[in-house]
Amino acid sequence: MANDPIELHIMKKIFNAEKLFFRIGELSSMTGVSTRQLRYWEQKNYIHSIQRDDEQSARVFHFKEYARVSGIKYFLDQGYSLQAAVKQVNQYIDVSHFLHKFVKEGIKTVKTSNNTCEIDLGWLDEAKTQHLYARLEDEKFKYYVE
DNA sequence: GTTCTTACA
DNA sequence: TGTAAGAA
C-alpha cells in the first residue's frame, strides 16, 4: 500500500482548513492582537468577518483571517504603520495564492516508499511526449525528464 | 462567560 | 488603543 500514489484531493479532505472558524476572543488569544484592535481593523476594512445576522451578534472569523491578522501583527511589531503592514500582508497573501495555484496545478501525483518520494510534475512539452519528475535522493530533490 | 456597541481617556 | 459601562 505504501506505493500507492498520494492523491492531493484526499489530503485536502483529511485536513480541511475551510471548516475552521473562530470568534473574536479566540482569534485575539491566538494572535496576540486585542479584541479592540480586531474590531477597529475590521471597521477599517483591513480584516473581515463572516456575514452576521445582525450587528449585535458575535463576529465569526474564517481561518484565513488568522493568517492575515498574524501577518499584520508581525509587520506592526517590525515597526510598520497599520496601513503599511496591511499593504505588506496583501503582497504576501498574493504570493501565497500563486504558490497554492502552482502546487495545486503543478503536482500531478506523488509516490512514496521508504523515505523516498517521486513527484510527477506533469508534461514538459505541449506535445505531451515527456514527463517531468522530481525524485528525493539523499535528502535532495533531483529532476528527471522521462 | 463571551461579545456587542458606545463613550471617554 | 485601552478600558468601562450596560445589554444581549
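Labels below follow one simple rule: chain letters A, B, ... track the order of the sequence lines, proteins then strands, and each chain is numbered from 1. These values consider heavy atoms only, across backbone and side chains, with no hydrogens, waters or symmetry-generated copies.
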For nucleotides 1-3 of chain B, list the nitrogen or oxygen atoms of the protein found under 3.5 Å from its nitrogen or oxygen atoms, one pair per line.
unit_1, atom_1, unit_2, atom_2, d
dT3(B), OP1, G25(A), N, 2.9

(request) Please state whether the phosphate of dT1(C), meaning OP1 or OP2, lies under 4.0 angstrom from any side-chain nitrogen or oxygen of S34(A). (result) no
(message) Does dC4(B) have its OP1 or OP2 closer than 4.0 Å to a side-chain nitrogen or oxygen of R36(A)?
(response)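 Answer is no, no contact under 4.0 Å.
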(request) Can you sort out which residues in residues 61-85 of chain A have a heavy atom within less than 4.0 Å of DNA chain C? Ascending by number, please. (result)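 The answer is none.
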(request) Please list all pairs passing the side-chain hydrogen bond (donor to acceptor under 3.5 Å, both in side chains) test where one or both residues lie in residues 17-30 of chain A, with sequence neighbours left out. (result) none
(message) Show every side-chain hydrogen bond (donor to acceptor under 3.5 Å, both in side chains) that has at least one partner inside residues 124-138 of chain A, sequence neighbours left out.
(response)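 Every pair satisfying side-chain hydrogen bond (donor to acceptor under 3.5 Å, both in side chains) with a residue in residues 124-138 of chain A: E118(A)-R135(A), D120(A)-H131(A), D125(A)-T129(A), R135(A)-E146(A), E137(A)-Y144(A).
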(message) I need the minimum non-hydrogen distance between I107(A) and V110(A), along with the two atoms involved.
(response)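 Of all heavy-atom pairs spanning I107(A) and V110(A), the closest is CG2-CG2, 3.8 Å.
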(message) Quick check: closest heavy atoms across A85(A) and I72(A), and the distance to 0.1 Å?
(response)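 Residues A85(A) and I72(A), closest heavy atoms: CB-O, 3.8 Å.
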(request) Can you sort out the partners of K73(A) under side chain to side chain contact (heavy atoms under 4.5 Å, CB included), two or more places apart, ordered by chain and number? (result) V33(A), D77(A)
(request) Using a 4.5 Å cut-off on heavy atoms from C-beta on, say whether the side chain of R68(A) contacts that of E65(A). (result) yes
(message) Are the side chains of S49(A) and V60(A) in contact, using a 4.5 Å heavy-atom criterion?
(response)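 When only atoms from C-beta onward are counted, S49(A) and V60(A) do not touch, as no gap falls below 4.5 Å.
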(request) Give me the other members of the hydrophobic cluster that I10(A) sits in, counting Ile, Leu, Val, Met, Phe, Trp and Tyr linked by side-chain heavy atoms under 4.5 Å, directly or via other members. (result)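 Noted: I10(A) shares its cluster with I14(A).
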(request) Take atom OH of Y40(A) and atom C1' of dA7(B), then tell me their distance rounded to the nearest Å. (result) 16 Å
